[in-house]
Amino acid sequence: MSKTDNTPRVSIDAETADGREVSLSLENMTKVYDDGDGGVVAVNDFDLDIYDGEFIVLVGPSGCGKTTTLRTVAGLEQPTEGRIIIDGKDVSGQEPRERDVAMVFQNYALYPHKTVRGNIGFPLEIRKYPQEAVDERVVETAEMLGIGELLDRRPSDLSGGQQQRVALGRAIIRDPELFLFDEPLSNLDAKLRIEMRTELNKLHDRVGKTSLYVTHDQAEAMTLSDRVVVMNDGEIQQVDSPEVVYGKPTNRFVAGFIGEPPMNFFAVTTEIHEDGVTLTADGFTLELPTSVGEKLEAWGGSTERLDLGVRPEAFRDIALLDEEPPAGSTLEAQVMVVEPMGPAKDLAVRPTSRADDEDAEFTARVDNDSGASVGETIRLAIELDEIHLFDAETGRNLLV
Ligand code: ATP
């Protein structure tokens, strides 16, 4: 756990080198819950600057510390170490209501006895806004969210999607510095989730407020965020754009967590030689260019045993290609399952030499025109510039 000094890194007019203002800083934030048995480290040394207007999504498996991070920013939890800076002010010791944040919860948290109008207007009413101004803002906000005609209903007379819009309205109406979202779409059915995702995207474009959003749904993380924060075991694994966390995952954890179906991993031995790198897995061999050998040599660790990572979408059905792929990029596999997905087919396959070995199974996503059928042998090519190699011990991605 790191210690922080007392010098604010962010002041009121703090700007980064590229001129963007920082809206929220989590400075080396650690949260340990007292469980009466040495404590649970829920978040460990979380350090991140979030810029004005950015949409940041925290994603990671259950228990990785996402909600704790969000609740600490809201003031519902106090950090054990480190600080929270909102708009240049250290808010670490402040109560939730003293912070200029609005939170949207998974369960909507609406007042059941109040109408939609009363729920949306509530934050302004308790701040003693004149009634006329409240009425005007409520109508404006409700129209923006497409629930203008529901103002006199009570939450019990609304669908889940409509209730979530009311919760959004209540957050938006008081124009806070920061929006915090705690899995706001998880109670909705699959179709509505996707619709609301698009709505949220449009809303963010319109309102432009800094947002911190927690989800375990990577599709939400990828579609909503300017930057994704991938967490595991209370620690940040990678912070970057959706494209980068997918295309250049920093380690094996991120590589395996982001992407659906998940990346396939193969234990391999490698041999660097003059013309490149020979990579041998149990069931196939690949020939990689010299640039890979240079990266491995620059890294300097033991290359004897590495983990090869290949995304399902990096495979091609050779029968559909116009040209024979390069030697050293192909393998033969037996098809165990075919799952038509619409535009593509997901195949569960095993290298032919290991057709009886359940552990050898991996997923290849091939074009929908592929004629692959169960029990048949298929020839697959791997896009070699899309593969990843990980240090088997630390999980570090050696090719990024
Ligand atoms: P989920 O996706 O399941 O909501 P999460 O990533 O949001 O998980 P947190 O809820 O932040 O994770 O929990 C992080 C860790 O802290 C977990 O190990 C959890 O059991 C523990 N934890 C959370 N709240 C408390 C608490 N009040 N007391 C003790 N431990 C807690």
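As the structure lists them, so they are numbered: ligands from 1, and atoms in each ligand from 1. The analysis underlying the following values was restricted to heavy atoms, covering all of them including side chains, and did not include hydrogens, waters or symmetry mates.
- Scanning for side-chain hydrogen bond (donor to acceptor under 3.5 Å, both in side chains) contacts around Gln334 gives an empty result, with sequence neighbours left out.
- Side-chain contact of Glu177 with Ser23: a donor-acceptor pair under 3.5 Å is present, judged by distance alone.
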What are the polar N/O contacts of ligand 1 with the protein below 3.5 Å, with distances?
{"unit_1": "ligand 1", "atom_1": "2 (O)", "unit_2": "Lys66", "atom_2": "NZ", "d": "2.9"}
{"unit_1": "ligand 1", "atom_1": "3 (O)", "unit_2": "Ser62", "atom_2": "OG", "d": "2.5"}
{"unit_1": "ligand 1", "atom_1": "6 (O)", "unit_2": "Gly63", "atom_2": "N", "d": "3.4"}
{"unit_1": "ligand 1", "atom_1": "6 (O)", "unit_2": "Cys64", "atom_2": "N", "d": "3.0"}
{"unit_1": "ligand 1", "atom_1": "6 (O)", "unit_2": "Gly65", "atom_2": "N", "d": "3.0"}
{"unit_1": "ligand 1", "atom_1": "6 (O)", "unit_2": "Lys66", "atom_2": "N", "d": "3.1"}
{"unit_1": "ligand 1", "atom_1": "6 (O)", "unit_2": "Lys66", "atom_2": "NZ", "d": "2.9"}
{"unit_1": "ligand 1", "atom_1": "7 (O)", "unit_2": "Thr67", "atom_2": "N", "d": "2.9"}
{"unit_1": "ligand 1", "atom_1": "7 (O)", "unit_2": "Thr67", "atom_2": "OG1", "d": "2.7"}
{"unit_1": "ligand 1", "atom_1": "8 (O)", "unit_2": "Gly63", "atom_2": "N", "d": "2.7"}
{"unit_1": "ligand 1", "atom_1": "11 (O)", "unit_2": "Thr68", "atom_2": "N", "d": "2.9"}
{"unit_1": "ligand 1", "atom_1": "11 (O)", "unit_2": "Thr68", "atom_2": "OG1", "d": "2.5"}
{"unit_1": "ligand 1", "atom_1": "12 (O)", "unit_2": "Gly65", "atom_2": "N", "d": "3.2"}

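- Under the ring pair (Phe, Tyr, Trp, His ring centres under 6.0 Å) criterion, no residue pair touches residues 320-343, with sequence neighbours excluded.
- Atom OG of Ser329 and atom CG of Leu286 lie 7.5 Å apart (nearest 0.5 Å).
- Taken to the nearest 0.5 Å, the CD atom of Gln106 stands 9.5 Å off from the OG1 atom of Thr215.
- Taking Asp189 as the reference, Lys191, Leu192 meet the side-chain contact (heavy atoms from CB on, under 4.5 Å) condition, with sequence neighbours excluded.
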